[in-house]
Amino acid sequence: MDDFTSQCCSLIKKVDEILKYNSEWVQRYGGYAKQILLNEDDLKYKKTNFNEWAPLYLYMTIGEAKGNLLFSLRYVGQDVAKLKVDGQGVTIATNSFTERNMRDFGCNIHLSNHSWSSKEASDFRKHFSNKPIRLDVSKKNDEHRVESLLLTEFSKSDSKDKMICNIQPVKFSGIARFQMKTPLTSSNISNICYEKKAGSGGGIDIISRIGIGRGTKLCVMEVKDENVAAEPPRNAVLQGLSYGVFVLNLLRSESGDLWWKIFGFKGKLPDSLELYIVCTMPSSEVNDISFAEKVINYKQDFFHLHYLYFQEENQCIKKIETSLKQCKKKELLNDN
DNA sequence: CCCGTTCAAACACCGACGTA
DNA sequence: TACGTCGGTGTTTGAACGGG
């Protein structure tokens with residue numbers, strides 16, 4: 001076993017112990033799952049009342065999905081408004097985002113429960129469809145922006161202008177983008193902590209389904225907005241792996257079959273899972289591919305390690321280099 | 001501002017594909 | 001073989017666009 005693999009194994013063991021020692025998540029996440037599934041039909045119905053209009057995308061937190069079913073509307077991954085659907089129809093409110101909308105996107109439209117079909121709401125959508133330049137120079141939100149670009153790319157259902165195929169992001173009820181929160185903080189790999197407070201743990205950047213047909217696999221992607229020596233790809237793999245250990249524990253917990261459903265699978269939870277862990281970051285001059293296709297056994301399940309290096313251009317993902325073979329386009333496979 | 005036109009999103013259906 | 005999931009195609013619907 002090479003050094004990196006043994007580093008992975010000791011990390012898996014450590015996270016496994018943390019989750020065993022702090023078992024309160026089992027009940028907590030079981031409760032989330034029941035509430036989210038109870039709300040599923042309501043959420044789908046609410047969505048039939050309006051269209052998602054690029055480049056504004058619908059998001060929902062776990063809290064919103066299990067509670068009030070407010071949609072978050074985001075531009076380049078940043079909250080710009082909340083949508084509410086009730087007996088009165090669809091309404092949009094910018095409430096606490098107004099100031100940042102002005103500061104970051106030059107948007108001076110203030111909405112407080114305006115109708116989705118009102119002139120004001122239409123002007124608001126139009127402002128963002130003109131692709132406003134981010135006025136804020138700090139790159140604080142760049143990871144959210146990059147995540148959003150990747151989600152838009154992976155969500156495409158037409159392979160003609162899709163960089164890679166057979167990948168679809170997991171969304172609540174197939175509708176709202178979300179971040180799968182974990183009870184772990186893993187941003188510092190050498191100091192993984194447990195978080196009891198709901199919503200305070202680290203989130204899985206992108207959780208997606210990969211493959212075609214019955215054997216479609218779940219995939220945890222750890223996204224970085226930079227590919228620099230201080231945060232090398234291997235660290236992203238380790239961070240993704242720590243979240244992966246949580247996902248497998250969740251799927252093997254008493255609410256595992258419910259979460260399998262939430263992740264968008266219609267069939268039975270498999271007896272043995274293959275969970276893909278993908279380091280997802282911008283291409284560098286020499287991309288680290290040393291960990292590609294490593295398989296690590298964990299109880300009855302398996303982790304598969306992969307990379308996905310991308311280039312962007314003009315707010316779009318333009319080129320992807322990946323070890324995910326099942327995602328490669330046919331014409332590219334035949335070229336070899 | 002209204003209303004017909006145009007365009008993009010959503011939907012319904014089904015074939016391809018890969019797995020149990 | 002049966003089944004689950006992605007994506008292709010054609011149609012419907014929601015919202016933008018533009019002329020008057």
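The sequence lines fix the lettering, A, B, ..., with proteins before strands; numbering per chain opens at 1.
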Query raised in the report: Under a 4.0 Å N-O cut-off, is there an ion pair linking Lys82(A) with Glu64(A)?
Result: yes
Query raised in the report: So does Asp2(A) pair up with Lys294(A), basic N to acidic O under 4.0 Å?
Result: yes
Query raised in the report: Atom CG of Leu56(A) and atom C1' of dA16(C): how far apart are they, to the nearest Å?
Result: 14 Å
Query raised in the report: Would you say Trp116(A) and Val85(A) make side-chain contact, with heavy atoms under 4.5 Å?
Result: no
Query - Distance, rounded to the nearest Å, where Leu273(A) contributes CG and dT19(B) contributes P - result: 15 Å
Query raised in the report: Which whole-number value in Å describes the distance from Phe128(A) CZ to dA16(C) C1'?
Result: 17 Å
**Report entry** Min side-chain heavy-atom separation Leu241(A)-Tyr298(A) under 4.5 Å
**Finding:** no
Report task. Describe, in one word, how the ring planes of Tyr276(A) and His304(A) are oriented to each other, choosing from parallel (under 30°), tilted (30 to 60°) and perpendicular (over 60°). Result -> parallel
Query raised in the report: Are Trp116(A) and dG14(C) close enough that a side-chain N or O sits under 4.0 Å from OP1 or OP2?
Result: no
Requested in this report: Let me know the distance between CD of Glu52(A) and C1' of dA9(B), rounded to the nearest Å.
Outcome: 9 Å
Query raised in the report: Across the strands shown, which category fits Lys47(A) at heavy-atom distances under 4.0 angstrom: base, sugar-phosphate, nothing?
Result: sugar-phosphate
Report task. Provide, to the nearest angstrom, the distance between the CZ atom belonging to Arg125(A) and the P atom belonging to dG14(C). Result -> 13 Å
**Report entry** Arg145(A) with Glu312(A): basic N within carboxylate O range, under 4.0 Å
**Finding:** yes
Query - Geometric class of the Phe105(A)/Phe128(A) ring pair [parallel <30°, tilted 30-60°, perpendicular >60°] - result: perpendicular
Query - side chain to side chain donor-acceptor pair (under 3.5 Å) assessment of Tyr59(A) paired with Arg177(A) - result: CA-CA 4 Å; Tyr59(A) 286 72; Arg177(A) 297 177 176 186; 3.0 Å; yes
Query raised in the report: Can you tell me how far C1' of dA9(B) sits from NZ of Lys171(A), to the nearest Å?
Result: 12 Å
Report summary line: Angle separating the five-pair end axes of the helix from dC1(B)-dG20(C) to dA20(B)-dT1(C), nearest 10°, is 10°
Can you check nucleotides 5-8 of chain C for protein contacts, nitrogen or oxygen pairs under 3.5 Å, and list what you find?
{"from": "dT5(C)", "atom 1": "OP1", "to": "Lys266(A)", "atom 2": "N", "distance (Å)": "3.1"}
{"from": "dT5(C)", "atom 1": "OP2", "to": "Lys266(A)", "atom 2": "N", "distance (Å)": "2.8"}
{"from": "dT5(C)", "atom 1": "O4'", "to": "Gly213(A)", "atom 2": "O", "distance (Å)": "3.2"}
{"from": "dT5(C)", "atom 1": "O2", "to": "Gly213(A)", "atom 2": "N", "distance (Å)": "3.2"}
{"from": "dC6(C)", "atom 1": "OP1", "to": "Arg209(A)", "atom 2": "NE", "distance (Å)": "3.0"}
{"from": "dC6(C)", "atom 1": "OP1", "to": "Arg209(A)", "atom 2": "NH2", "distance (Å)": "3.3"}
{"from": "dC6(C)", "atom 1": "O3'", "to": "Asn166(A)", "atom 2": "OD1", "distance (Å)": "3.4"}
{"from": "dG7(C)", "atom 1": "OP1", "to": "Asn166(A)", "atom 2": "N", "distance (Å)": "2.4"}
{"from": "dG7(C)", "atom 1": "OP2", "to": "Lys162(A)", "atom 2": "NZ", "distance (Å)": "3.3"}
{"from": "dG7(C)", "atom 1": "OP2", "to": "Gln168(A)", "atom 2": "NE2", "distance (Å)": "3.0"}
{"from": "dG8(C)", "atom 1": "OP1", "to": "Ser159(A)", "atom 2": "OG", "distance (Å)": "2.3"}
{"from": "dG8(C)", "atom 1": "OP2", "to": "Asp158(A)", "atom 2": "OD1", "distance (Å)": "3.1"}
{"from": "dG8(C)", "atom 1": "OP2", "to": "Ser159(A)", "atom 2": "N", "distance (Å)": "2.7"}

Query raised in the report: With a 4.0 Å cut-off on heavy atoms, is Ser122(A) in touch with a base, just the backbone sugar-phosphate, or nothing at all?
Result: sugar-phosphate
Requested in this report: Begin from the C-alpha positions of Ser255(A) and Asp257(A) and carry the test side chain to side chain donor-acceptor pair (under 3.5 Å) through to its verdict.
Outcome: CA-CA 6 Å; Ser255(A) 62; Asp257(A) 50 345; over 6 Å; no
